[in-house]
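Inspection log for the structure reproduced underneath, given as structure tokens.
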Amino acid sequence: MSNITVNIKKLAKRRDIIIAFAAVTFFYCFIEYNLIFPVILGVTTIGGGNFLDSILHTIQLILGLLSNVKYILYGLAAVTVAALVCGFVLSGCFYKINNFLSNRKRIKTEFFKGVQKHFLRISVISFEVILFSILFTIFMLIVTVPAVAITRSFLGGKTELLALTVLFDLITLMVLFFGFMFFRIYMAFWYPAVFNFKDSYFSIGKYAADTYFWKIVVMFLKFDVAFILFEFVLIFLNSVLPVSGALAFLRIFLLMFVNWAVKTLFFIVVTISVFSVFLDFKKKVTE
């Protein structure tokens, strides 16, 4: 675990890895700026600016889409395309990171070598990860409905629901925290197993995550706090900065380019951290 900081500092000499992650992150930030931020603003507007109402409207919107077979097929097609893109991008980027952290000699066309060796496996895993993530997120949103409904009633003036509100909110927060933490850790450690073992990738990744689980929880919690705070700042700026006029340039600069720089660094740090922990596990079990 102590090697993570050292590895991050060493990465400054590998501009090719930084450029590869920057290119991927730019694509993500472009989608976030042109699709995700407008959707968030739209949902907030529909919910009247109320956070609890926005959650309920989001759940209703998702359930409405899932009741239509056409949208389900569109969704599966989108997941397939996204998985193929992830298969191409992640197989190259993760191959470079894994070789770098394993102190292997840098080779020419390293990115495409990774694509050649791991594209199919990473695409299949990415399809499963994306699909499971969507289904799991929908399930967890539905789990929040009782707590949201009771909290709305309490805030609406029914003060006799105070004890019930506190109980439901605490239970829901605990379920959300541990549910998402377990899910993300196991999904994240699935990937490095592909680059270091020949089969049983999920089982090995889960074993590695279980070996260092509480240390990983602390690590992910730090990442979560940093990411959520940054996203809240972006969402606030998204709601106050105009889309046209003199300040439109400032909106693009902050929500697109500053976002791109920060998230490139963030994704690199997260990836190095996960792979570093996994390689520590590999060293431990192979000694």
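No hydrogens, no waters, no symmetry mates; every other heavy atom, side chains included, goes into these values.
At least one side-chain heavy atom of K284 sits less than 4.5 Å from a side-chain heavy atom of T211. Inter-residue side-chain proximity for L234 and F230 is flagged as met; some heavy-atom pair is nearer than 4.5 Å. The shortest side-chain heavy-atom distance between M256 and E32 does not fall under the 4.5 Å cut-off.
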### Task
Please report the C-alpha distance between D16 and R106 in whole Å, then the side-chain angles of each, then the deciding distance to 0.1 Å, and finally whether the side-chain contact (heavy atoms from CB on, under 4.5 Å) criterion is met.
CA-CA 10 Å; D16 57 311; R106 180 180 174 183; 3.4 Å; yes
### Query
Taking it one step at a time, do I204 and F281 satisfy side-chain contact (heavy atoms from CB on, under 4.5 Å)?
CA-CA 10 Å; I204 294 172; F281 160 80; 4.0 Å; yes
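Residue F112 qualifies as open at atom CZ: its count of foreign heavy atoms under 6.0 Å is 12 or below. Counting heavy-atom neighbours within 6.0 Å of R15 CZ, excluding the residue itself, gives a total of 12 or less. Crowding of Y71 atom OH: a count of heavy atoms from other residues, nucleotides or ligands under 6.0 Å not exceeding 12.
Under a hydrophobic clustering in which Ile, Leu, Val, Met, Phe, Trp and Tyr are joined whenever their side-chain heavy atoms come within less than 4.5 Å, directly or via other members, F232 and V225 fall into different clusters. With hydrophobic clusters built from ILVMFWY side chains whose heavy atoms lie under 4.5 angstrom apart, I72 shares a cluster with F127. Both F177 and F182 are part of a single hydrophobic cluster, where members link through side-chain heavy atoms under 4.5 Å apart. F236 and I252 end up in the same hydrophobic cluster when Ile, Leu, Val, Met, Phe, Trp and Tyr side chains are linked at under 4.5 Å.
Contact record, L279 with N196: CD2-OD1, 3.3 Å, taken as the closest heavy-atom pair. Contact between S91 and V115 at its shortest, heavy atoms only, is OG-CA, 3.4 Å. Nearest heavy-atom pair across G179 and M140 is CA-CE, 4.0 Å. C86 and I130 get closest at one heavy-atom pair: SG-CD1, 4.3 Å. The shortest non-hydrogen separation linking A208 to I216 is O-CD1, 4.5 Å. A193 and F278 make their closest contact through CA-CZ, 3.4 Å (heavy atoms, listed as atom of the first residue, atom of the second, distance).
Between the CG atom of L164 and the NZ atom of K158 there is a distance of 11.5 Å, given to the nearest 0.5 Å. Rounded to the nearest 0.5 Å, atoms CD (Q116) and OH (Y95) are 9.0 Å apart. Remark: S123 OG to E128 CD distance equals 11.5 Å, nearest 0.5 Å. Summarising the geometry, atom CG belonging to L11 is positioned 5.0 Å from atom CD1 belonging to I18; distances are rounded to the nearest 0.5 Å. Atom CZ in R184 sits 10.5 Å away from atom CZ in F223 (nearest 0.5 Å). Atom CD1 in I185 sits 7.5 Å away from atom CE in M219 (nearest 0.5 Å).
At distances below 3.5 Å, not a single donor-acceptor pair connects side-chain atoms of R152 with backbone N or O atoms of V148. Within the 3.5 Å criterion, the main-chain N or O of S200 finds no donor-acceptor partner in the side chain of S203.
Remark: E110 does not engage R104 in a salt bridge, criterion side-chain N to carboxylate O under 4.0 Å. The existence of a salt bridge linking R121 and D199 is excluded, since no basic side-chain nitrogen approaches an acidic carboxylate oxygen closer than 4.0 Å.
For the pair K206 and F189, the NZ or CZ position fails the cation-pi test of under 6.0 Å to the six-membered ring centre and within 45 degrees of the ring normal.
Counting only N and O atoms by type, the side chains of Y212 and D280 include no donor and acceptor under 3.5 Å apart.
Taking the six-membered ring where the residue is Trp, the centroids of F275 and F100 are separated by 6.0 Å or more.
Residues satisfying the side-chain contact (heavy atoms from CB on, under 4.5 Å) test with V129, not counting sequence neighbours, are I125, S133, M187, W190, Y191.
Using cut-offs of 30° and 60° for the angle between ring planes, the Y186 and F213 rings count as tilted.
For the side chain to side chain contact (heavy atoms under 4.5 Å, CB included) criterion with S126, the lone passing option out of V79, V89, L90 is L90. When each of F119, F27, F111, F94 is tested with F88 by the rule ring pair (Phe, Tyr, Trp, His ring centres under 6.0 Å), just one qualifies, namely F111.
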List the atom pairs, with distances to 0.1 Å, where a side-chain N or O of residues 264-273 and a protein N or O form a donor-acceptor pair under 3.5 Å, not counting sequence neighbours.
residue	atom	partner	partner atom	Å
T264	OG1	W260	O	2.8
T271	OG1	F267	O	2.7
S273	OG	V269	O	2.7

